[in-house]
Engineer: 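The structure that follows is given in the form of structure tokens.
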Amino acid sequence: MKNKLKDFLREDISNIKEYEVLDPEGMIKLDAMENPFDVDLKFESESILANKVNINRYPDGACKNLIKKLRVSHNLKSNFNILVGNGSDELIQILCMAFSKKDNTVLCPQPTFSMYKSIADLVGLNFQAVPLKNDFSLNINKMLNDIKQTDPALIFLAYPNNPTANLWDRNNIKKVLENTNGLVVIDEAYGAFSGESFLNDIDKYENLAVMKTFSKVGLAGLRLGYLMAEKSLIKELNKIRLPFNVNSLSQKIAEIALDNKDYLDKQSKEIIGLRERLLKQMLKVKEIEVYNSSTNFILFKIKNGSADEIFNKLLKDKILIKNMSKTESLKDYLRVTVGTEKDNNIFIQSLKNALN
Ligand code: PMP
């Protein structure tokens, strides 16, 4: 790049690390919390063609049909509305952009989903990280104290949390809601595997927004997330999303998926069963410490040894999981996504070999 061009670029960009996605070609892919099952023909191209998506036209930027179906599916009351994003990543970006006023702060427990901080940093928001306790529960006293000190504009709470896989105490979350002036976004990306939600509380707290995604329940390739919140807030957020942020094919497939909700729900239930089986198998491996999971992934720690080494040994066996070691406070932790029974068994065997 020419020096002059470099001068025009924001200096902070050169310090940003790219979001690392390892090439999954030829791998058993257990790194990204995807649903491992194929999606039934009903959702594939024939049915999309039959449903006539006019790709010569721009999509419906307002996602009217999809939002109508989401409203029914979540029984959302009329004073709330929905913002659809190109993945919930985009919604996090829209939220951060909307609240990126000078001196505003985003507050999150730590460790949590890394995009909250990456995006907050990028748009120039202050970021306040509140370390979780050793058992990964919320340090509610510290959190309330930090809320008082920093008066955050936005708080992201992944419920259940990624990468720790646990649900935080509901009463503690209510305390957060009651003691902040800012918006609390409950990110329920893994809600299908926890059975818990804050959606029923949405009319009890003016500052509560609930975010969900299609990514973990079988449709990660669509890139579709949605945020449910009070109408006037959604109206403002809608002004800053790009006009056609969600393509027509994704909208249509999501609509078909909602018409066949039982199909994907059944897969999520099956994944919960597979998770429990995988957890049991992992608990028998004495060289690792395994944490309970309310999600479709499991966090574990290598007790005596290095997570990097185990991760690389698994890679040699063509098994791709997530190495959490670079995350502060998660040195020697690894995260595995629940796969099919066959892939989980291959993973367990390879893990045992690697540890010996
Ligand atoms: N929230 C959490 C807690 C996540 O773990 C992820 C993905 N890893 C996302 C949001 C982003 O999901 P999407 O695919 O909808 O962008």
Side-chain angles (χ1 to χ4, degrees), residues 19-22 24 29-36 39 63 66 70 82-97 106-120 122 129 132 136 138 154-168 173 183-194 196-199 209-228 241-242 245-247 250-251 253-254 257 264 268 271 275 291 293-299 320-324 327 330 333-338:
Y19 189 84
E20 194 183 37
V21 182
L22 296 181
K29 196 172 182 314
L30 301 174
D31 62 327
M33 293 84 131
E34 296 139 332
N35 172 335
V39 175
C63 295
L66 176 55
L70 284 170
I82 300 178
L83 174 68
V84 185
N86 196 333
S88 32
D89 283 347
E90 190 192 33
L91 296 170
I92 299 166
Q93 190 181 46
I94 290 173
L95 284 160
C96 285
M97 285 194 299
V106 171
L107 183 143
C108 295
Q110 206 75 332
T112 191
F113 182 41
S114 61
M115 291 312 285
Y116 306 141
K117 178 169 176 9
S118 309
I119 297 173
L122 195 65
L132 293 173
F136 301 138
L138 282 183
L154 262 175
I155 298 177
F156 287 103
L157 297 175
Y159 183 79
N161 190 36
N162 169 19
T164 56
N166 60 323
L167 282 166
W168 291 313
I173 294 182
L183 181 71
V184 180
V185 180
I186 307 281
D187 180 350
E188 296 183 355
Y190 303 96
F193 313 103
S194 76
E196 292 289 328
S197 175
F198 266 84
L199 204 52
V210 175
M211 188 164 73
K212 289 181 176 285
T213 177
F214 283 89
S215 294
K216 316 298 173 185
V217 294
L219 302 169
L222 295 189
R223 305 304 298 124
L224 263 182
Y226 53 101
L227 183 82
M228 294 168 277
R241 71 164 170 78
L242 292 176
N245 60 328
V246 178
N247 74 72
S250 291
Q251 289 187 39
I253 301 172
L264 291 181
S268 296
I271 291 169
R275 173 189 77 202
Y291 297 85
S293 170
S294 300
T295 63
N296 63 340
F297 58 88
I298 294 168
L299 183 74
L320 182 60
I321 62 169
K322 179 86 176 175
N323 186 354
M324 302 306 307
T327 303
L330 291 183
Y333 284 76
L334 297 166
R335 188 192 71 195
V336 62
T337 301
V338 177

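First listed ligand is number 1; within each ligand, the first listed atom is number 1. Heads up: numbering here begins at 1 and tracks the sequence.
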Engineer: Do I253 and F214 touch side chain to side chain, with heavy atoms closer than 4.5 Å?
Structural biologist: no

Engineer: Is the closest side-chain heavy-atom distance between V210 and E188 below 4.5 Å?
Structural biologist: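 Heavy-atom side-chain distance check passes, below 4.5 Å.
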
Engineer: Quick one: sort the F113 and Y116 rings into parallel, tilted or perpendicular, breaks at 30° and 60°.
Structural biologist: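 Correct class here is perpendicular.
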
Engineer: T295 and N161: which non-hydrogen atoms are nearest, and at how many Å?
Structural biologist: CG2-O, 4.3 Å

Engineer: In terms of relative ring orientation, are F297 and Y190 parallel, tilted or perpendicular, with 30° and 60° separating the classes?
Structural biologist: perpendicular

Engineer: For residues A189 and K216, report the shortest heavy-atom separation together with the two atoms involved.
Structural biologist: O-CG, 3.3 Å

Engineer: When you look for protein heavy atoms under 4.0 Å from ligand 1, which residues do they belong to?
Structural biologist: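 Close residues (ligand 1, cut-off 4.0 Å): G87, S88, D89, F113, Y116, A158, N162, D187, A189, Y190, T213, S215, K216, R223.
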
